[in-house]
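Values below: all heavy atoms of this structure, side chains included; hydrogens, waters and symmetry mates excluded.
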Amino acid sequence: MAESFNANDIEKQPDSNQSTAKQANVSLSSQKDGNSLKSDAADLPERDQWANKLDFVISCIGFAVGLGNIWRFPYLCYKNGGGAFLIPYFICLICGGVPILFLEISLGQFMRQGGFGVWKICPIFQGIGCATTVIVFLMNCYYILVIAWAVNYCVMSFNSVLPWSHCNNTWNTPNCSTFETSINKTNVTGRQDSVIEFWDRRILDISDGVDNPDGIVWQNAVCLLFVWIVCYFCVWKGVKWTGKVVYFTALFPYVVLTILLIRGVTLDGASKGITFYLKPDFNKLSDSQVWIDAGTQIFFSYAIALGAMTALGSYNKFNNNCYKDCIIVSIANSATSLYAGFAIFSVLGFMAEQQNVPIEDVAAKGPGLIFIVYPKAVTQMPIPTLWAILFFFMIFLLGLDSQFVGMESFVTVIVDFFPMLRKKWYKEGFVALYVLISFLIGLTMVTRGGMYVFQLFDYYSASGMTLLWVCFFESITIGWVYGGVKYYDNLELMFGFRINPWFRICWMCITPLVTCAILISMWVLFEPLTYNETYKYPAWAQAIGMCMGFASMICIPLYVPYSLLTAPGTTFLERLKNSITPKLEDYQLEKEAEDYGKFKEITAECILKPSLESLVPLNNDIGN
């Protein structure tokens, strides 16, 4: 625990006005940075802060609301009983999603550190910070591919005739069809939609397996480079710049989504799609897979266990009411998922009506919902070029704000670990190096076998299993090791009032039980990854994928013996005690915070007085 600043500390200061003023400034600026009052790094720039409260809220919404709200939530709804899926969804939201979201944001604000530094609150579990850093690094490497594909589609949309709307392209096969007439499913054997051929043979130019990369698809490589450059200029100046960019990237997609929704509900068959979306099938609630999907969707779409929300919270003022902010972010996130479902399923109903097939046969999972279903829909709308450009620009923005906030999360951890990177040009150079390394890794995913690599990253590195693992240990660490009651005292110090006890109950009991139950179910029901339910990955590829998943999960148990070995003490019990003792700063403790207020008055006065004699009567006040 950080030492309290007392009278003896002041008495040891040099006997001169200039030295006294210098020492006071060092201490005050260090305190402002959230470092020890004894810090000698006064020449480092102060830690960034949000320019205003709204920047923080919009950034949280921008990161949490992403492509998962557009493609994954609607897919899980129709897969798991339509409206019935909302029951386990909201149960997991209240018992797991919101409590962990609030825990991460408030912990970042309280500790004023990124995803690794915040766990100084319980040093033996700083492996949680290592795990989230690994997860967010790997996620940033592959998530950006979806944005690059959207850019490629958007560029290809600037044609009078959309290239995926016909079969007269060089990449089309003799089996290509546009299905312009309503036909029966029995008459389409061996035929393939022009939209699917555009995706497989033009965008991906996909090879026959992960062991056959077969060269780089240069259009995707250029788009990937473009997106990385955009993200770099969004992040390089820190959160004050990021907080302004996110106003446009987070809010404009709602405008486009509303336009698409208005158009979608006016199409023939839209009501059938919306009915399919909302009609509950309560028999599905007895299926454990429904609950697994609900839990993983909550933790995935709320962007928790990535260290990103912790990093965003760390730039808040110490007394910011993030309790209210978390409620706003939660409502915005879930409401967006529901809202997007109406837009997507109104179009799916239209497509089913046009093709005379059941709705479940026109919907697809994952990226296919964006890059196959919707491109097909816009070909059947008036002014298809306009709709295509609007839609893929929306996808670009939805992915972009999630991407650069994820980058900010990783950069925050490294900068907190090496404070010298806060200096001008140092951080910008580091971010450029980080972008270059990530781009080189991403090149493996823009080869002709890149889609198989992309799915390995998506399925294993930032999967529901790794996120649930981290969330389990986060709740156990705060709820039991540090102490839920003690953390509530810390929150009261920040907010000035006592919050509802529900979150403490969740951290101590409900959230660990929910995450543990879902984890066990996932392990029991685990199935190796396949592509399009036909291609089976070779054993070596599955092994690489599992290594990516375990690379983050193993950080938590491995850090425990490291913490015990490096902790001060001669016996095991002394080392254990020191490993679970919080490393807090004076401003984080109520008594020390009061002393620090007195210290500020002392130093301000001693700078104005001609000698250190002015400190003598005031030192007695601190001693008392």
Side-chain angles (χ1 to χ4, degrees), residues 1-6 8-9 30-31 33-41 44 47 103-104 106-135 305 307 310-311 314 412-421 469-490 493 507-508 512 550-593 595-596:
M1 187 176 294
E3 297 180 57
S4 301
F5 195 95
N6 54 43
N8 295 329
D9 294 323
S30 298
Q31 179 67 44
D33 275 348
N35 300 322
S36 170
L37 284 170
K38 304 279 189 175
S39 174
D40 57 358
L44 295 178
R47 202 171 195 279
L103 171 62
E104 291 192 349
S106 62
L107 190 59
Q109 179 174 311
F110 179 67
M111 297 296 292
R112 297 205 68 206
Q113 293 283 316
F116 180 79
V118 294
W119 295 104
K120 291 178 182 178
I121 199 170
C122 187
I124 198 170
F125 282 108
Q126 277 194 274
I128 295 173
C130 295
T132 58
T133 303
V134 172
I135 292 172
T310 306
S314 72
T412 298
V413 171
I414 305 302
V415 170
D416 285 343
F417 205 74
F418 301 101
M420 63 177 294
L421 291 176
W469 176 264
V470 171
C471 288
F472 172 79
F473 280 100
E474 285 183 344
S475 55
I476 288 293
T477 301
I478 296 299
W480 290 99
V481 184
Y482 179 75
V485 175
K486 187 191 301 184
Y487 190 63
Y488 258 51
D489 293 337
N490 300 143
L493 175 63
W507 298 332
M508 297 182 69
F550 289 128
S552 59
M553 297 173 71
I554 202 172
C555 290
I556 300 175
L558 278 184
Y559 199 89
V560 173
Y562 170 79
S563 178
L564 291 171
L565 289 172
T566 57
T570 55
T571 67
F572 173 77
L573 289 179
E574 286 178 351
R575 290 174 180 270
L576 178 61
K577 180 180 179 181
N578 287 320
S579 293
I580 62 175
T581 299
K583 296 180 180 178
L584 302 181
E585 305 294 345
D586 290 343
Y587 71 92
Q588 293 163 328
L589 302 168
E590 189 165 14
K591 180 179 181 303
E592 284 82 356
D595 288 345
Y596 175 61

Original post:
Should Leu107 and Tyr487 count as side-chain neighbours, where that means a heavy-atom distance under 4.5 Å?
Top reply: yes
Subject >> Trp480 side chain vs Met508 backbone, donor-acceptor pair below 3.5 Å >> reply: yes
**OP:** Please lay out, stage by stage, how Thr571 and Leu576 fare under the test side chain to side chain contact (heavy atoms under 4.5 Å, CB included).
**Re:** CA-CA 9 Å; Thr571 67; Leu576 178 61; over 6 Å; no
Subject >> Nearest heavy atoms of Asp416 and Gly114, plus distance in Å >> reply: OD2-N, 2.6 Å
Original post:
Any sub-3.5 Å donor-acceptor pair from Glu474's side-chain atoms to Glu104's backbone N or O?
Top reply: no
Original post:
Is any side-chain heavy atom of Thr412 less than 4.5 Å from a side-chain heavy atom of Thr310?
Top reply: no
Original post:
Rounded to the nearest 0.5 Å, what separation is found between the CD1 atom of Ile476 and the SG atom of Cys122?
Top reply: 11.5 Å
Original post:
Ignoring hydrogens and geometry, is there a side-chain-to-backbone donor-acceptor pair from Asn578 to Pro568 under 3.5 Å?
Top reply: yes
Subject >> Whether Tyr559 side chain and Ala131 backbone form a donor-acceptor pair below 3.5 Å >> reply: no
Original post:
Of all heavy-atom pairs between Met111 and Lys120, which one has the smallest distance, and what is that distance?
Top reply: CE-CB, 3.9 Å
**OP:** Check for a donor-acceptor pair, side chain of Arg575 on one end and backbone N or O of Leu565 on the other, with a separation under 3.5 Å.
**Re:** yes
**OP:** Kindly indicate, with the supporting measurements, whether the criterion side chain to side chain contact (heavy atoms under 4.5 Å, CB included) is fulfilled by Phe110 and Ile121.
**Re:** CA-CA 10 Å; Phe110 179 67; Ile121 199 170; 4.3 Å; yes
Original post:
Which residue, Ile556, Ile580, Ile128, forms the side chain to side chain contact (heavy atoms under 4.5 Å, CB included) with Thr477?
Top reply: Ile128
**OP:** For residues Phe116 and Phe417, establish whether the separation of their ring centroids is below 6.0 Å.
**Re:** yes
Subject >> Side chain proximity check, Asn490 to Tyr482, heavy atoms < 4.5 angstrom >> reply: yes
Original post:
Can you check whether Gln109 reaches Ser314 side chain to side chain, under 4.5 Å on heavy atoms?
Top reply: no
Subject >> Check: Trp469 side chain, Met553 main-chain N or O, donor-acceptor pair, under 3.5 Å >> reply: yes
**OP:** Check for a donor-acceptor pair, side chain of Ser563 on one end and backbone N or O of Val560 on the other, with a separation under 3.5 Å.
**Re:** no
Original post:
Could you give the distance from CZ (Phe125) to SG (Cys555), rounded to the nearest 0.5 Å?
Top reply: 14.0 Å
**OP:** Please report the shortest heavy-atom distance between Thr132 and Gly115, naming the atom on each side.
**Re:** OG1-O, 4.1 Å
Original post:
Is the cationic atom of Lys486 (NZ for Lys, CZ for Arg) positioned less than 6.0 Å from the six-membered ring centroid of Tyr488 and within 45 degrees of its normal?
Top reply: no
**OP:** Could you go through the side chain to side chain contact (heavy atoms under 4.5 Å, CB included) check for Tyr562 and Leu564 one step at a time?
**Re:** CA-CA 5 Å; Tyr562 170 79; Leu564 291 171; over 6 Å; no
**OP:** Search all heavy atoms of Gln113 against all heavy atoms of Gly117 and return the closest pair with its distance.
**Re:** CB-C, 3.6 Å
